[in-house]
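Remarks on the structure that follows.
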2 protein chains.
Amino acid sequence: MMQNPNSSLYALRKSIISNLIDTSTMTNSGKITKLKKGDLVFKECDEFHYIYILLSGSIKTFTTINSGTEKITCFYYQDDIVGFSGIDTGRYPVSAKALEASSVFRIRFNDIEKLTDKHPNLQNNMLRLMSRQIHENQNLLSLLGKTQSEKKVASFLFNIYIQSCHSSTFTTLKLPMSRRDIGNYLGITEETVSRSITKLSQNNLIAISGKKFNIVDKMKLVELIDGHPV
Amino acid sequence: MMQNPNSSLYALRKSIISNLIDTSTMTNSGKITKLKKGDLVFKECDEFHYIYILLSGSIKTFTTINSGTEKITCFYYQDDIVGFSGIDTGRYPVSAKALEASSVFRIRFNDIEKLTDKHPNLQNNMLRLMSRQIHENQNLLSLLGKTQSEKKVASFLFNIYIQSCHSSTFTTLKLPMSRRDIGNYLGITEETVSRSITKLSQNNLIAISGKKFNIVDKMKLVELIDGHPV
DNA sequence: CGTGTCCTTGAGTGTCTTCAACGATAGTGG
DNA sequence: CCACTATCGTTGAAGACACTCAAGGACACG
C-alpha cells in the first residue's frame with residue numbers, strides 16, 4: 001500500500017484533521033483553547049464529549065493510581081489527536097495536561113458520527129488511526145518489556161525524532177517533558193534516565209543539553225535499539 | 001453510561017460478533033477454521049483481508065525482531081476479535097498462532113464497510129472496541145512500566161480471571177501459554193515467572209498446579225497490584 | 001516407554017533502585 | 001532587573017532485585 005509508514009501517517013492525520021475542522025465549523029462546535037504549562041485539557045472520569053487536535057505544544061496523559069501517584073500513559077505532540085480512549089466507556093480513562101504552552105482544537109464527538117454523509121472516509125480513517133495507535137502501543141509494550149534502560153531511553157528519543165517528521169538528523173529537537181516524566185513513562189527512575197542519557201551522549205549517539213537534543217549517529221542508535229523505534 | 005465495564009465489554013463483543021456473522025453469511029464470505037496447537041492464523045506481513053473471531057481456544061500474536069527472536073504482543077481468548085491492527089497499513093504487523101486446539105471464524109473486512117446500512121451500529125461498535133483495546137494496552141503499559149516481577153505476574157493472572165467473566169473466585173482457570181510465553185509477554189525471564197508464581201502460591205494469594213490455577217485471596221491480590229488489573 | 005520440552009530451584013553476577021548531596025535552571029516577587 | 005526559592009538534573013555509594021548459567025525433575029507427545 002503505502003511505502004513510507006510515516007508519511008502515510010502524516011497524510012492520514014492531515015486528512016482527518018481537515019475533515020474534522022470542516023465538520024466542526026459547519027456545526028459551529030469547534031473551539032480553540034490556549035493552554036499554559038500545567039493546564040488540564042480533561043480529567044480522568046470526566047464525561048467524554050470531545051476529542052482534541054493538538055495544534056501546537058505537547059500534552060501528557062496519565063492515570064492516578066490508588067496511592068495518588070500518577071502514571072503517564074502517553075505523550076502527544078503537534079497534530080496528534082487526544083481523547084480517543086474515552087469513546088468506549090463514555091468517560092475519559094486518563095487526565096490530559098499541557099507540558100508547555102499549547103493550543104488545542106476541540107470537537108464534539110457526536111458531530112463526527114452525524115456527518116458521515118459529507119465525509120464518508122472520516123470514520124474509516126479514524127478506524128485506521130486507532131488501528132495504528134494499537135499497533136504503536138504494542139511496539140511500546142515490546143520495548144518496555146525487554147531491554148535495559150539505555151535502550152529504552154534511546155528508543156524514546158528516537159521516537160521523538162521519528163514523530164517530528166524532520167528529514168535531517170542534525171535538526172535540534174525539543175524534549176518538552178522532565179526526566180522524571182520520561183522515567184515514569186518508561187518505568188525507570190529519574191536517575192537512571194539521567195545516567196542513560198549521559199552514557200548515550202558520551203558514546204556520541206546523541207548530543208544533549210538540557211531540554212534540547214539531536215541524533216548524532218542514527219545508525220548506531222537504531223542498532224542499539226534493535227529495530228524498535230517504538 | 002454502563003456501570004460494569006466488563007459486562008458492557010461482553011455485550012459489545014457479542015453485538016459485534018452477531019452482526020459480523022450475520023454480515024458474513026449474507027455475503028457468503030464467512031468460514032470456520034479448526035486449528036491445532038502451533039498453527040498460524042496469519043503471518044506478519046501477510047496482506048490484511050480478514051479479521052477473525054476466536055470461537056474457542058486461545059491465540060498469541062507476536063512480532064519477530066531483527067535477531068529472529070519473537071516478542072509476544074497479545075494473548076486472545078474466546079470471543080476476542082483478532083487482526084484489527086492490520087487495518088491501517090493493509091498488512092498484519094504481527095503473526096497469530098494457536099496456543100492450543102482452537103477454532104476461528106474468518107470475516108472479510110471489506111464486507112463490514114459495505115454493510116453499514118444494514119448494521120449502522122457496527123462501525124461505531126468497532127470503534128468502541130478498538131478504543132477499549134487502546135485503553136487496555138495503556139493499562140498494560142502502566143503495569144510493565146513500574147512494579148516488580150511478582151506484581152506483573154499477579155496482574156497477569158488476575159487479568160485472565162477478569163476476562164473469563166466468571167463470578168466465583170473459586171473457579172479453576174486455565175493458563176494456555178507456557179511460562180516462557182508469560183515471561184516474554186511481561187518482559188521478565190521464565191525463571192522469574194516461576195519464582196513469582198511459587199511465591200504467590202506460598203503466600204496463599206493463588207493456588208496453582210501446572211496450567212490450572214485459581215484465585216484464593218482476591219482482596220490481597222488486588223492490593224498487591226495496587227488496583228492495576230491490566 | 002523414550003525423548004523433548006516445560007517447570008522449578010540454586011548460586012553468582014550485573015543492573016537498577018534507593019538514599020543522599022549538590023549544582024543548574026526557571027519561575028516569582030520585590 | 002535581580003535575588004530567592006523550588007524544582008530539575010546530575011552524580012556517587014550501598015543495597016536489592018532480576019538475570020544468567022546450570023542442573024534435575026515433571027509432564028506431554030509420539
*Matching residue for A:Glu100 among A:Lys174, A:Lys36, A:Lys37 - test: side chain to side chain donor-acceptor pair (under 3.5 Å)*: A:Lys174
_Pair A:Arg180-A:Glu190, salt bridge (Lys or Arg N to Asp or Glu O under 4.0 Å): steps then yes or no_ = CA-CA 5 Å; A:Arg180 180 187 299 262; A:Glu190 192 181 354; 3.4 Å; yes
*May I ask you to decide if B:Ile72's main-chain N or O and B:Asn184's side chain share a donor-acceptor pair within less than 3.5 Å?*
yes
_Categorize B:Ser194 for me: base, sugar-phosphate, or nothing, with a 4.0 angstrom heavy-atom threshold over every strand shown._
base
*Report yes if at least one side-chain N or O of A:Lys211 is closer than 4.0 Å to OP1 or OP2 of D:dC8; otherwise report no.*
no
_Would the distance check show the side chain of B:Thr73 and the main-chain N or O of B:Thr61 forming a donor-acceptor pair, the cut-off being under 3.5 Å?_
yes
Can you check nucleotides 22-30 of chain D for protein contacts, nitrogen or oxygen pairs under 3.5 Å, and list what you find?
none

*Please state whether the phosphate of C:dC16, meaning OP1 or OP2, lies under 4.0 angstrom from any side-chain nitrogen or oxygen of A:Thr189.*
no
*asked:* Apply side chain to side chain contact (heavy atoms under 4.5 Å, CB included) to residues B:Val153 and B:Ile188 and explain how you reach the verdict.
replied: CA-CA 10 Å; B:Val153 173; B:Ile188 54 183; 4.0 Å; yes
*Rounded to whole angstroms, how far apart are CD on B:Glu150 and P on D:dC17?*
10 Å
*Quickly work out the B:Lys152 NZ to D:dC19 P distance and round it to whole Å.*
8 Å
*Gap between atoms CE and P, on A:Met177 and C:dA26 respectively (whole Å)*: 16 Å
_So if I take every side-chain heavy atom of B:Thr198 and compare against C:dT9, D:dC8, C:dC7, which nucleotide ends up nearest?_
C:dT9
*N/O donor-acceptor pair under 3.5 Å between B:Glu44 side chain and B:Thr64 backbone*: yes
*Take the protein atom NZ of A:Lys174 and the nucleotide atom P of C:dA26, then report the distance between them rounded to whole Å.*
10 Å
*OP1 or OP2 of C:dC7 less than 4.0 angstrom from a side-chain nitrogen or oxygen of B:Arg179, does that happen here?*
yes
*In whole Å, what is the span from the CZ atom of B:Arg180 to the C1' atom of C:dG4?*
12 Å
*Check whether any side-chain heavy atom of B:Tyr185 lies under 4.5 Å from a side-chain heavy atom of B:Phe62, and answer yes or no.*
no
_With a 4.5 Å cut-off on side-chain heavy atoms, are A:Ile197 and A:Phe213 touching?_
no
*Identify whether any heavy atom of A:Lys36 sits under 4.0 Å from a base atom; if not, whether one sits that close to sugar-phosphate; answer base, sugar-phosphate or nothing.*
nothing
*Looking across every strand, which nucleic acid part, if any, lies under 4.0 Å from B:Ile188 by heavy atom: base, sugar-phosphate, or nothing?*
sugar-phosphate
*Would you say the side chain of A:Arg195 and the base of D:dG9 hold a donor-acceptor pair, judged only by whether the two atoms sit under 3.5 Å apart?*
no
*Measure from NZ on A:Lys212 to P on D:dC8 and round the result to the nearest Å.*
18 Å
*Write down the distance between NZ (A:Lys151) and P (C:dC16), rounded to a whole number of angstrom.*
11 Å
*Take B:Gly210 and A:Thr192, find for each the nucleotide of DNA chain C with the closest heavy atom, and name the residue whose nucleotide sits nearer the 5' end.*
B:Gly210
*Rounded to the nearest angstrom, tell me the gap between atom NZ in B:Lys199 and atom P in C:dT8.*
16 Å
_Side chain of B:Glu190 only, heavy atoms from C-beta on: which candidate in C:dT17, D:dC19, C:dT8 is closest?_
C:dT8
